[in-house]
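Beneath this line is the structure, given in structure tokens, with notes to follow.
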Amino acid sequence: MSLLSDLLNLDLSDSTEKVIAEYIWIGGSGMDLRSKARTLPGPVSDPSKLPKWNYDGSSTGQAPGEDSEVILYPQAIFKDPFRRGNNILVICDAYTPAGVPIPTNKRAAAAKIFSHPNVVAEVPWYGIEQEYTLLQKDVKWPLGWPVGGYPGPQGPYYCAAGADKAFGRDIVDSHYKACLYAGINISGINGEVMPGQWEFQVGPSVGISAGDELWAARYILERITEIAGVVLSFDPKPIQGDWNGAGAHTNYSTKSMRADGGYEVIKKAIEKLGLRHKEHIAAYGEGNERRLTGKHETADINTFKWGVANRGASIRVGRDTEKEGKGYFEDRRPASNMDPYVVTSLVAETTLLWKP
């Protein structure tokens with residue numbers, strides 16, 4: 001008699017050339033990931049060879065009931081770590097039947113910026129540090145915390161090991177390996193300052209692919225926490241009080257910044273970011289004002305400042321970059337619930353296209 005696990009792990013390649021494609025898109029809140037699967041006649045590696053699809057936008061808060069059809073355009077393909085074999089995950093963006101990006105489709109505007117010749121020439125690299133919090137399912141309280149109570153104060157938990165300090169490592173490690181399997185350029189993981197909070201990093205990724213890869217990594221993490229019976233939170237300040245918030249620090253460099261003399265280019269780019277501080281803060285995630293308080297390794301939300309090796313700054317430049325006179329910088333302002341398409345394209349637009 002077959003067990004469920006036997007059937008879930010069936011190797012389809014023994015009996016059919018058909019593959020399963022899981023189409024993934026972003027729902028109406030801008031953070032909710034939706035997906036559905038379809039059968040394809042054979043393996044596909046080029047998103048342009050995949051069929052468009054549709055869904056009921058009235059059920060995701062993206063269309064009225066009387067005109068609810070929204071069209072999915074496949075944009076990026078990753079290997080499916082859940083079904084394995086030749087099965088795939090497909091990152092899509094959403095359009096009206098007339099071919100107009102719907103309001104929650106932030107990818108389309110980002111793709112325009114990343115296809116601008118001035119941006120293409122500079123080959124923008126991104127490394128995104130995605131922080132998140134694991135919550136106990138029925139009480140929505142961080143994993144490892146006593147229900148209705150608090151653990152000991154912060155200090156022992158960052159990058160720690162031990163049953164009383166690291167909560168959820170099985171989820172974190174499963175996610176790490178699943179992302180590598182999928183072809184996502186995940187570059188590391190670590191336990192964070194607040195217990196129950198973790199981080200993974202995606203990058204360096206070029207242009208629009210940074211957003212595609214981060215959304216794919218988020219989807220995989222949602223699926224793994226679903227299996228584990230744990231709730232995934234991207235809230236930028238899940239617990240009020242003397243606890244660190246959750247961000248999505250965005251590391252950035254261009255060809256000119258990575259070349260000799262790049263430090264001067266970096267300083268000019270940071271100056272431009274300072275002039276558009278309010279526009280960036282408005283685009284860097286909901287509820288960020290609860291996180292950017294000037295405490296817990298943040299700069300105050302209304303203040304723009306940069307510094308070398310300063311984790312209390314809006315923009316941090318690494319010691320290596322200063323020493324070598326070239327490299328990258330880190331924008332520490334984005335919240336954990338930011339849209340990477342919005343953040344990466346806005347950084348590129350401000351530093352490469354915007355004229356003060």
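- Annotation: side chain of Ile128 is not in contact with side chain of Asn251 (no heavy-atom distance under 4.5 Å).
- With sequence neighbours left out, the side chain to side chain contact (heavy atoms under 4.5 Å, CB included) criterion links Thr303 to Asp300.
- Partners of Tyr73 by ring-ring contact (aromatic ring centres under 6.0 Å, His included), not counting sequence neighbours, listed by chain and number: Tyr95.
- For the salt bridge (charged side-chain N to carboxylate O under 4.0 Å, His left out) test, no residue two or more places apart in sequence or in another chain qualifies with Arg84.
- The minimum heavy-atom distance linking Gln201 with Ile189 is given by the pair OE1-N, 3.6 Å.
- Side-chain contact check for Glu286 and Asn288: no donor-acceptor pair (N or O, by modelled atom type) lies under 3.5 Å.
- For residues 174-196, the ring pair (Phe, Tyr, Trp, His ring centres under 6.0 Å) pairs, not counting sequence neighbours, are His175-Phe200.
- With sequence neighbours left out, the salt bridge (charged side-chain N to carboxylate O under 4.0 Å, His left out) criterion links Arg316 to Glu330.
- Minimum interatomic distance between Arg218 and Phe234 (heavy atoms only, all atoms of both residues): CG-CZ, 3.7 Å.
- Aromatic rings from Trp125 and Tyr252 are positioned such that their centres are separated by 6.0 Å or more.
- Listed by chain and number, the residues in a salt bridge (charged side-chain N to carboxylate O under 4.0 Å, His left out) with Lys49 are Asp46 (sequence neighbours excluded).
- Side-chain polar atoms of Gln62 and Tyr55 form a donor-acceptor pair below 3.5 angstrom.
- Within the hydrophobic cluster formed by Ile, Leu, Val, Met, Phe, Trp and Tyr side chains joined at under 4.5 Å, directly or through other members, Ile20 is accompanied by Leu12.
- For residues 1-24, every residue pair satisfying the ring pair (Phe, Tyr, Trp, His ring centres under 6.0 Å) rule, not counting sequence neighbours, is listed here: Tyr23-Trp53.
- Under the 4.5 Å side-chain criterion, counting only non-hydrogen atoms from C-beta, Trp243 is not in contact with Val193.
- Listed by chain and number, the residues in a side chain to side chain contact (heavy atoms under 4.5 Å, CB included) with Asn54 are Glu69, Ile71 (sequence neighbours excluded).
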Assess whether side-chain hydrogen bond (donor to acceptor under 3.5 Å, both in side chains) is satisfied between Glu213 and Asn185, documenting all intermediate values. CA-CA 7 Å; Glu213 291 184 33; Asn185 194 18; 4.8 Å; no
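- In this view, Asp331 and Arg333 satisfy the salt bridge (charged side-chain N to carboxylate O under 4.0 Å, His left out) rule, not counting sequence neighbours.
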Applying side-chain hydrogen bond (donor to acceptor under 3.5 Å, both in side chains) to Gln130 and Ser336, what does each step give before you reach the verdict? CA-CA 6 Å; Gln130 176 69 71; Ser336 49; 5.0 Å; no
Donor-acceptor pairs under 3.5 angstrom involving side-chain atoms of residues 343-350: please list them, not counting sequence neighbours.
| unit_1 | atom_1 | unit_2 | atom_2 | d |
| --- | --- | --- | --- | --- |
| Thr344 | OG1 | Pro340 | O | 2.6 |
| Ser345 | OG | Tyr341 | O | 2.6 |
| Ser345 | OG | Val342 | O | 3.2 |
| Thr350 | OG1 | Arg276 | NH1 | 2.9 |
| Thr350 | OG1 | His280 | NE2 | 2.8 |
| Thr350 | OG1 | Leu346 | O | 3.1 |

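- Other residues, nucleotides and ligands place more than 12 heavy atoms under 6.0 Å from the CD atom of Glu279.
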Kindly list each side-chain donor-acceptor pair under 3.5 angstrom involving residues 143-171, sequence neighbours excluded, with atom names and distances?
| unit_1 | atom_1 | unit_2 | atom_2 | d |
| --- | --- | --- | --- | --- |
| Trp145 | NE1 | Pro195 | O | 2.9 |
| Gln154 | OE1 | Asn244 | N | 2.7 |
| Gln154 | NE2 | Asn244 | OD1 | 3.0 |
| Tyr157 | OH | Gly152 | N | 3.3 |
| Tyr157 | OH | Gly152 | O | 2.8 |
| Arg169 | NH2 | Ala160 | O | 2.8 |

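- Heavy-atom contacts from other residues, nucleotides or ligands closer than 6.0 Å to NZ of Lys267 number more than 12.
- In terms of heavy atoms, Arg290 sits closest to Lys237 at NH1-O, 3.1 Å.
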